Amino acid sequence: MLLDNSKKIVIKLGSSTVVDKKGMFKSKWFLTLINDIKKLKNKRDVVIVSSGAIALGQSYLKVRKKKIKIEMSQAIASVGQIHLINHFKIMFEKNKIKIGQILITPDDTEQRRRALNAKRTFENLFKLNAIPIVNENDTTATSEIKYGDNDRLAARVAQIIGADTLIIFTDVDGLYRDSKSKKSLIKEVNEINENLFSLADKKINTLSSGGMTTKLDAAKICINSGCKMFIANGQHMNPLSRMVKDKIFTCFNPKISTLHARKKWIISSIGSSGKIYIDEGATVALAAGKSLLPAGITKVEGDFKKGENILIIDNKGNEFARGLVSFSSLEINKIKGLQSNQIESILGYSSKSEIIHKDDMVKL
Ligand code: GLU
């Protein structure tokens with residue numbers, strides 16, 4: 001049966017999946033999901049990533065406006081998150097299952113040390129037999145630094161903990177060839193390309209901030225990190241059993257990857273703080289597995305610090321690789337196009353000659 005071989009499963013629940021139109025937590029529905037989780041064969045490590053803090057906060061505080069300013073939504077989420085986690089606690093306790101709460105910001109997944117710390121916390125929660133319940137830490141999320149949707153957050157969590165399955169429950173059966181008529185569900189996807197993105201319904205429901213596009217972004221992360229991803233309908237009772245039994249979903253198959261965990265982390269970054277453009281010579285050298293040197297850099301875009309994850313754009317304008325830079329954008333702007341032995345005299349201090357070392361780089 002589907003999921004029989006899954007050992008580590010992340011289940012993502014959107015706001016409209018856990019909160020009804022009146023702003024109430026869907027307790028009855030949620031109990032059927034817990035029953036499904038209990039029925040999963042063998043002992044599984046399960047993580048739940050759930051939205052709903054803002055939706056529950058809004059109904060509790062009687063704030064009805066649809067478009068709320070980010071500062072206000074942060075405060076509303078801080079009220080709603082207590083309600084959200086409390087519902088989870090009550091529901092799981094009824095079933096004698098323990099839970100833990102993890103609130104995450106992009107910094108926690110995009111900085112390697114913090115990501116490893118988070119990974120350890122997840123692993124220890126599994127040892128304690130407690131199900132981690134994850135949401136974005138909305139309090140510190142600003143418009144520039146936030147996931148904003150839990151789809152990509154769930155995928156990044158799945159990648160960091162080495163999950164083999166991510167299930168995104170939403171209010172449709174999956175990705176359709178024709179999103180308007182909701183006809184012709186795509187059952188299986190092996191490659192994510194522009195064509196697929198053009199099928200994504202841009203419509204976002206009233207409670208969430210994601211949509212099909214962020215789900216495809218999440219699928220990209222999963223495909224590169226060896227994790228199967230499903231989009232399935234969470235509006236039905238017993239959503240997990242229904243999904244397994246009726247086989248109604250879109251499944252994204254992962255690439256067979258020999259990448260080490262660290263490189264999977266690099267390639268799955270959501271960071272977009274910078275881009276480095278390279279010439280033809282550097283493109284050939286990088287394709288042959290070499291490190292990136294200043295000589296091949298033609299342009300730098302964005303403002304980034306040493307250690308950040310940036311995109312390398314080849315001479316034809318394609319996204320070619322991702323990597324952790326050993327210099328800031330300011331420094332690279334001073335030494336781009338130069339030979340490595342000129343670095344010290346220009347910067348005034350001696351340092352490495354690789355802008356991005358091959359061990360810190362993954363080709364896309
Ligand atoms: N973190 C937000 C919440 O809990 C929502 C993010 C999303 O739309 O997925 O309300």
Side-chain angles (χ1 to χ4, degrees), residues 10-26 30 33 47-89 91 99-109 118 132-158 166-172 200-219 221-222 229-235 239 270:
V10 178
I11 299 173
K12 188 263 171 178
L13 309 174
S15 298
S16 60
T17 313
V18 288
V19 180
D20 68 16
K21 291 210 171 72
K22 289 188 186 132
M24 306 302 278
F25 185 80
K26 296 184 187 169
F30 194 71
L33 174 66
V47 173
I48 293 183
V49 176
S50 180
S51 313
I54 297 175
L56 286 177
Q58 262 181 281
S59 62
Y60 176 73
L61 295 163
K62 303 198 170 35
V63 184
R64 292 256 174 263
K65 257 170 64 185
K66 271 188 196 160
K67 288 242 177 284
I68 306 165
K69 279 209 172 118
I70 180 153
E71 304 85 60
M72 191 47 90
S73 70
Q74 290 174 304
I76 294 171
S78 94
V79 174
Q81 181 64 27
I82 304 174
H83 291 257
L84 183 65
I85 205 71
N86 197 37
H87 285 296
F88 281 123
K89 181 174 163 279
M91 301 282 121
I99 60 164
Q101 175 178 249
I102 296 192
L103 297 177
I104 277 188
T105 60
D107 269 355
D108 301 326
T109 60
I133 312 287
V134 185
N135 195 357
E136 179 160 17
N137 186 347
D138 289 311
T139 307
T140 51
T142 63
S143 43
E144 303 87 53
I145 329 160
K146 68 168 183 165
Y147 274 97
D149 63 275
N150 278 354
D151 300 317
R152 293 173 311 143
L153 173 81
R156 197 62 163 140
V157 165
L166 165 64
I167 303 166
I168 296 188
F169 280 123
T170 181
D171 52 4
V172 288
D201 189 358
K202 304 283 176 297
K203 199 181 101 241
I204 292 170
N205 72 41
T206 42
L207 292 179
S208 6
S209 40
M212 205 40 87
T213 309
T214 56
K215 289 173 183 54
L216 293 182
D217 287 336
I221 296 176
C222 287
M229 188 185 113
F230 296 90
I231 302 176
N233 203 321
Q235 300 295 314
I270 60 146

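Order of appearance sets the numbers: ligands from 1, and atoms from 1 within every ligand. Small disclaimer: the values here were computed from a predicted structure and weren't measured.
Residue Ile54 has at least one heavy-atom neighbour below 4.0 Å for each of these atoms of ligand 1: 3 (C), 10 (O). Residue contact check: Ala53 has heavy atoms under 4.0 Å from atoms 3 (C), 4 (O), 10 (O) of ligand 1. Atoms of ligand 1 lying under 4.0 Å from any heavy atom of Ser51, numbered from 1 in the order shown and given with element: 4 (O), 5 (C), 6 (C), 7 (C), 9 (O). Shown in contact with Asn135 at under 4.0 Å from a heavy atom are these atoms of ligand 1, numbered in order with element: 1 (N), 3 (C), 4 (O).
Within the 4.0 Å heavy-atom cutoff, Gly52 counts among the residues contacting ligand 1.
Checked against a 6.0 Å centroid threshold, the rings of Phe169 and Phe230 do not count as neighbours.
Not one N or O of Lys12 is nearer than 3.5 Å to an N or O of ligand 1, by distance alone. The N/O atoms of Ser15, backbone and side chain alike, include none that comes under 3.5 Å of an N/O atom in ligand 1. Checked by distance only, ligand 1 and Ser50 stay at 3.5 Å or farther apart across all their nitrogen or oxygen atoms.
Between His87 and Phe25, the ring planes lie parallel to each other; the angle is under 30°, not in the 30° to 60° tilted range.
At a heavy-atom cutoff of 4.0 Å, ligand 1 is contacted by no atom of Leu84, backbone or side chain.
No side-chain N or O of Thr214 forms a donor-acceptor pair with one of Asp217 less than 3.5 Å apart. Side chains of Gln81 and Asn135: a donor on one and an acceptor on the other come within 3.5 Å. With no hydrogens or angles considered, no side-chain donor-acceptor pair links Asn233 and Asp171 at under 3.5 Å.
Of all heavy-atom pairs spanning Met212 and Ile231, the tightest one is SD-CD1, 3.7 Å.
In summary, Lys215 and Asp151 engage in a salt bridge, as defined by a charged side-chain N under 4.0 Å from a carboxylate O.
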